[in-house]
Amino acid sequence: MGALLEVKGLKTHFYTRDGVVKAVDGVTFSLDTGKTLAIVGESGSGKSVTALSLMRLIPDPPGKIVEGSIDFRGESVLAMSDEKVRELRGNRIAMIFQDPMTSLNPVYRVGHQIAEALRLHKNMDRKAAEARAVEMLDLVGIPNAAQRARDYPHQFSGGMRQRAMIAMALACDPDILIADEPSTALDVTIQAQILELMIELQQRTGAAIIMITHDLGVVADMANDVMVMYAGKQVEYGTAEEVFYEPLHPYTWGLLDSLPRHDIDEKGTLLPIEGQPPSLIDVPTGCSFHPRCPYAQDVCKVKTPELRDIKGGHLAACHFSGSAEFQRRQARNSGGVA
């Protein structure tokens, strides 16, 4: 039996007056039922565009999926009719967007918005859909769910709005839940509650999850596999254990070093990655990370590294991954973040 979702060589570009923005440039991954894939990287690395591409939500113009394949349960998403894709969105593949305040319609009650998705995708009558909406709000831990279902989004706190978005996303029992920075705007305590809730609901429903985040620490306890993206490309791919405890790419080291590590430094000093991510219109030649990489050599400036298998399924796009020098650097940085 094949993977639930299989993506190969995905390229999504945006055609602007300033040039072609290569937002996603050759991404390949797969996802199995009940598993969690974390897509990690700084802002502008192509994470969200990858997720929107999976649901064919790229605005055309200016955006276009120019190459690659997206197969859901063995069927090509890119070859589906617009009507079939609409049936897929929110039903078989659901998404929690970054900002619940702009994702929820301010003029409709929260319960009505969840019920509307059920009536559209599950052909429920109004009464049954509203009862299911209350059930879902209760499932995600909103107290007095029947009463709160009649409230408007502005009457919910930030954490409760995010819970309502999760309830809406899970209402139709999707096979895949895409969570795009689901806890970024929340305080640390609420953030932990939301992540714990997602793990609990995954165990209960069996949904596969794609977690998009800039923070590796967020997914330390919930991801099975991790894909690290930089400048539209994947630079590392492996199991969570491999990426956290034996990272192979300098960019991944930088992301890990920027996390608080009290087991290494009593002061909790953060080590930021120097510089800024490149413009996706004018990506540096060779390895796109080389202007910020402290280990860059001449070859890095002229030759683009291929994503290659370094250790039995643990992939990295670096000319020197697996070398003795890098292994010594890795050993100095070992200890994990979980």
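These figures come from a predicted structure and were not determined experimentally.
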Trainee: If I take atom CG from residue Leu5 and atom CG from residue Asp175, how far apart are they, to the nearest 0.5 angstrom?
Mentor: 10.5 Å
Trainee: Tell me, do Val283 and Lys22 make a side-chain contact under 4.5 Å, heavy atoms counted?
Mentor: no
Trainee: Using 30° and 60° as the class boundaries, would you call the ring planes of Trp253 and Tyr295 parallel, tilted or perpendicular?
Mentor: perpendicular
Trainee: Report yes or no: does His319 contribute a side-chain atom to a donor-acceptor pair with the main-chain N or O of Lys303 at less than 3.5 Å?
Mentor: yes
Trainee: Any heavy-atom pair between the side chains of Leu104 and Phe156 that's under 4.5 Å?
Mentor: no
Trainee: Hey, what do you get for CD1 (Ile210) to CZ (Phe29), rounding to the nearest 0.5 Å?
Mentor: 4.5 Å
Trainee: Within the structure provided, determine whether Arg56 and Arg89 are in side-chain contact (heavy-atom separation under 4.5 Å).
Mentor: yes
Trainee: Are any non-hydrogen side-chain atoms of Val40 and Thr252 less than 4.5 angstrom apart?
Mentor: no
Trainee: Using a strict 4.0 Å threshold on nitrogen-to-oxygen distance, state whether Arg292 and Glu42 make a salt bridge.
Mentor: yes
Trainee: Are Met229 and Ile39 close enough, and set up right, to give a side chain to side chain contact (heavy atoms under 4.5 Å, CB included), and what steps lead you there?
Mentor: CA-CA 7 Å; Met229 291 188 68; Ile39 303 179; 3.6 Å; yes
Trainee: Please check if Val134 and Met136 belong to a single hydrophobic cluster, counting links between Ile, Leu, Val, Met, Phe, Trp and Tyr side chain heavy atoms closer than 4.5 Å.
Mentor: no
Trainee: Do the side chains of Val7 and Leu307 join up, straight or via other hydrophobic residues, at under 4.5 Å, putting them in one cluster?
Mentor: yes
Trainee: Which pair of heavy atoms, one from Gly34 and one from Asn224, lies closest together, and at what distance?
Mentor: O-OD1, 4.5 Å
Trainee: Could you pull out the closest heavy-atom pair between Leu280 and Gly232, with the gap in Å?
Mentor: CD2-N, 4.2 Å
Trainee: Looking only at heavy atoms, what is the nearest atom pair of Ala171 and Ile114, with distance?
Mentor: CB-CG2, 4.0 Å
Trainee: I'd like to know if the side chain of Thr12 and the backbone of Lys64 have a donor-acceptor N/O pair within less than 3.5 Å.
Mentor: no
Trainee: Could you tell me whether the side chain of Met198 reaches within less than 4.5 Å of the side chain of Met211, counting heavy atoms only?
Mentor: yes
Trainee: Hey, is the main chain of Gly111 close enough, under 3.5 Å, to the side chain of Glu130 for a donor-acceptor pair?
Mentor: no
Trainee: If we ignore hydrogens and angles and just use 3.5 Å, is the side chain of Asp309 paired with the main-chain N or O of Gly312 as donor and acceptor?
Mentor: yes
Trainee: Once you round to the nearest 0.5 Å, how far does CG of Leu78 lie from CD1 of Ile70?
Mentor: 4.5 Å
Trainee: Grab the two heavy atoms, one from Ala220 and one from Phe244, that are nearest each other, plus how far apart they are.
Mentor: CA-CZ, 3.5 Å
Trainee: Between Gln155 and Tyr152, is there a donor-acceptor pair closer than 3.5 Å when you use the side chain of the first and the backbone of the second?
Mentor: yes
Trainee: Given 3.5 Å as the limit, does a donor-acceptor pair link the side chain of His249 with the main chain of Ala317, or not?
Mentor: yes
Trainee: Evaluate the criterion side chain to side chain contact (heavy atoms under 4.5 Å, CB included) for residue pair Thr16 and Ile281; output intermediate values, then yes/no.
Mentor: CA-CA 9 Å; Thr16 72; Ile281 295 176; 4.1 Å; yes
Trainee: So, taking the atom named CG in Asp138 and the one named CG in Asn144, what distance separates them when rounded to the nearest 0.5 Å?
Mentor: 9.5 Å
Trainee: Between Ile58 and Phe14, is a side chain to side chain contact (heavy atoms under 4.5 Å, CB included) present by the stated rule, with each step listed?
Mentor: CA-CA 9 Å; Ile58 301 298; Phe14 291 86; 4.0 Å; yes
Trainee: Of all the heavy-atom pairs spanning Ser321 and Ala316, show the shortest one and how long it is.
Mentor: OG-CB, 3.6 Å
Trainee: Show your reasoning for whether side chain to side chain contact (heavy atoms under 4.5 Å, CB included) applies to Val85 and Met55.
Mentor: CA-CA 7 Å; Val85 171; Met55 302 176 72; over 6 Å; no
Trainee: Does the side chain of Tyr237 come within less than 4.5 Å of Val226's, by heavy atoms?
Mentor: no
Trainee: Checking the side chain of Glu67 only, and the main-chain atoms of Gly9 only, is there a donor and an acceptor separated by less than 3.5 Å?
Mentor: no
Trainee: Does Lys122 have more than 12 heavy atoms from other residues, nucleotides or ligands lying within 6.0 Å of its NZ?
Mentor: yes
Trainee: Can you name the residues that form a ring-ring contact (aromatic ring centres under 6.0 Å, His included) with His13, not counting sequence neighbours?
Mentor: none
Trainee: Only one of Glu236, Glu246, Glu241, Glu242 forms a salt bridge (charged side-chain N to carboxylate O under 4.0 Å, His left out) with Lys311, so which one is it?
Mentor: Glu246
Trainee: Does Arg308 use its side chain to pair, donor to acceptor, with the backbone of Cys318 at less than 3.5 Å?
Mentor: yes
Trainee: Counting C-beta onward and ignoring hydrogens, is there a side-chain heavy-atom pair between Glu6 and Ser69 closer than 4.5 Å?
Mentor: no
Trainee: Any salt bridge between Glu135 and Arg132, counting N to O under 4.0 Å?
Mentor: yes
Trainee: Report the relative orientation of the aromatic rings in His112 and Tyr108; use parallel for angles under 30°, tilted for 30 to 60°, perpendicular for over 60°.
Mentor: parallel
Trainee: Output the distance between atom CD1 (Ile199) and atom CD1 (Ile209), rounded to the nearest 0.5 Å.
Mentor: 8.0 Å
Trainee: Does the side chain of Tyr15 reach to within under 4.5 Å of the side chain of Pro61, using non-hydrogen atoms?
Mentor: no
Trainee: Hydrophobic clusters here meaning ILVMFWY residues chained together by side-chain heavy-atom distances under 4.5 Å, can you tell me if Val24 and Leu52 are in one?
Mentor: yes
Trainee: Quickly, which of Thr50, Val219, Ile96, Asp180 forms a side-chain contact (heavy atoms from CB on, under 4.5 Å) with Ile212? Name it, please.
Mentor: Asp180
Trainee: Can you tell me how far OG1 of Thr304 sits from NE2 of His290, rounded to the nearest 0.5 angstrom?
Mentor: 10.5 Å
Trainee: Going hydrophobic residue to hydrophobic residue with side-chain gaps under 4.5 angstrom, can you get from Leu120 over to Leu177?
Mentor: no
Trainee: For residues Ser45 and Lys47, report the shortest heavy-atom separation together with the two atoms involved.
Mentor: OG-CG, 3.2 Å
